[in-house]
Amino acid sequence: MIRLSRDFFNRSTVQVAQELLGKRLTFKGISGVVTETEAYTGLDDPASHAHRGPTPRAEIMFGEPGYTYVYFIYGMYHCLNIVTEPEGSPGAVLIRGLRLPNQHLNGPGKICKALGITKEHHGLDLVSHPDFYMSEGDSPVVYQATPRIGIKRATDKLWRFVMRG
DNA sequence: AACAGGATGCAA
DNA sequence: TGCATCCTGTTT
């Protein structure tokens, strides 16, 4: 198992979103392959929580890369993101799809519900956490870029990445 | 295609 | 206070 390093996340958000496809996410012994991601940046991205600056909710997006950003939405669901870019430069990748041995979780709310991820798991360091981490996958990945889902602003950006094959 | 569910953050 | 929201299952 080759764990993803701090340097992996310490790059442009779009690049990390693309390269996270095919990587393995492990949480408390449950492990799956990332099949779908979305990139969210900062001041240049009106769809990003970091768009208005480091508010309490979005503050972690401005911090060190490799940490989890978990937010609660629509009164029911949690969404898991991973912070990207150097400290001080906001960015995060939303995990939207995960393939487990026996099922495909499509949608960020379903992933958190299935794995039991809540705000309790916000701000954890995936680079050093004992049972919450990301590691290398098996093979190179072909992906497709599309508009992001569920947003009304910046729909022109093709920052949703879906694994093919 | 429409909407209920019903917490949270932020603008006012 | 009020309202829009990085969602999803269920019902027209």
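Nothing here was measured: the structure is a model prediction, and the numbers come from that model.
Distance, A:Arg57 CZ to B:dT8 P: 11 Å, rounded to whole Å. The interatomic distance linking A:Glu59 (CD) with B:dG9 (C1') rounds to 14 Å, in whole Å. Put simply, OH on A:Tyr40 is 7 Å from P on C:dC7, counting in whole angstrom units. Atom NZ of A:Lys119 is separated from atom C1' of B:dA7 by 9 Å (rounded to the nearest Å). B:dT8 atom P lies 13 Å from atom OH of A:Tyr69, rounded to whole Å. Rounded to whole Å, atom P of B:dG9 lies 12 Å from atom CD1 of A:Ile73. Note: CZ (A:Arg148) to P (C:dC7) measures 11 Å, nearest angstrom. Spacing between atom CD1 of A:Ile95 and atom C1' of C:dC6 amounts to 13 Å, rounded to whole angstrom units.
Under the stacking criterion of a centre-to-centre distance below 5.5 angstrom and an interplanar angle below 30°, A:Phe72 is not stacked against the six-membered ring of B:dT8.
Position along DNA chain B of the nearest nucleotide to A:Pro56 versus A:Gly75 favours A:Gly75 as the more 5'-ward residue. Taking for each of A:Met76 and A:His49 the nucleotide of DNA chain B with the nearest heavy atom, the 5'-most of the two is the partner of A:Met76.
Between B:dC10, C:dC6, C:dG9, one nucleotide has an atom nearer to the side chain of A:Lys110 than all others, and that is C:dG9. Across B:dC10, C:dG9, C:dC7, the shortest atom-to-atom separation from the side chain of A:Cys79 is found for C:dC7. For A:Tyr77, the listed nucleotide lying nearest its side chain is B:dG5; candidates were B:dG5, B:dC10, C:dT5. Closest to the side chain of A:Tyr74, from the set C:dT5, C:dC6, B:dC10, is C:dT5.
Neither OP1 nor OP2 of B:dG9 sits under 4.0 Å from any side-chain N or O of A:Thr55. Side-chain nitrogen and oxygen atoms of A:Arg52 include none within less than 4.0 Å of the OP1 or OP2 phosphate oxygen of B:dG9. The shortest distance between the side-chain N/O atoms of A:Lys152 and the OP1/OP2 oxygens of C:dT5 is below 4.0 Å.
Between A:Arg160 and A:Glu36, at least one side-chain N (NZ, or NE/NH1/NH2) sits under 4.0 Å from a carboxylate O, which counts as a salt bridge. In this structure, A:Asp125 pairs ionically with A:Arg6, as a charged nitrogen and a carboxylate oxygen lie closer than 4.0 Å.
On the C1' atoms, B:dC3 is 15 Å away from C:dA4, given to the nearest whole Å. The P atoms of C:dC6 and B:dA1 are separated by 22 Å, rounded to the nearest whole Å. As rounded to the nearest Å, B:dA4 and C:dC3 have P atoms that lie 16 Å from one another.
Between the side chains of A:Ser135 and A:Arg3, no donor N or O sits under 3.5 Å from an acceptor N or O.
Contact record, A:Glu85 with A:Thr13: OE2-OG1, 2.8 Å, taken as the closest heavy-atom pair.
Sorted by first and then second residue, the side chain to side chain donor-acceptor pair (under 3.5 Å) pairs with a member in residues 107-124 of chain A read A:Asn106-A:Lys110; sequence neighbours excluded.
The nucleotide C:dT11 finds its pairing partner in B:dA1, both defining distances of the Watson-Crick or G-U wobble pair being shorter than 3.5 Å. Base pairing of C:dC3: its partner is B:dG9, meeting the Watson-Crick or G-U wobble criterion (both donor-acceptor distances under 3.5 Å).
At the heavy-atom level, A:Leu94 lies under 4.0 Å from base atoms of the strands shown.
Under the 30°/60° scheme for interplanar angles, the aromatic rings of A:Tyr71 and A:Tyr69 are found to be tilted.
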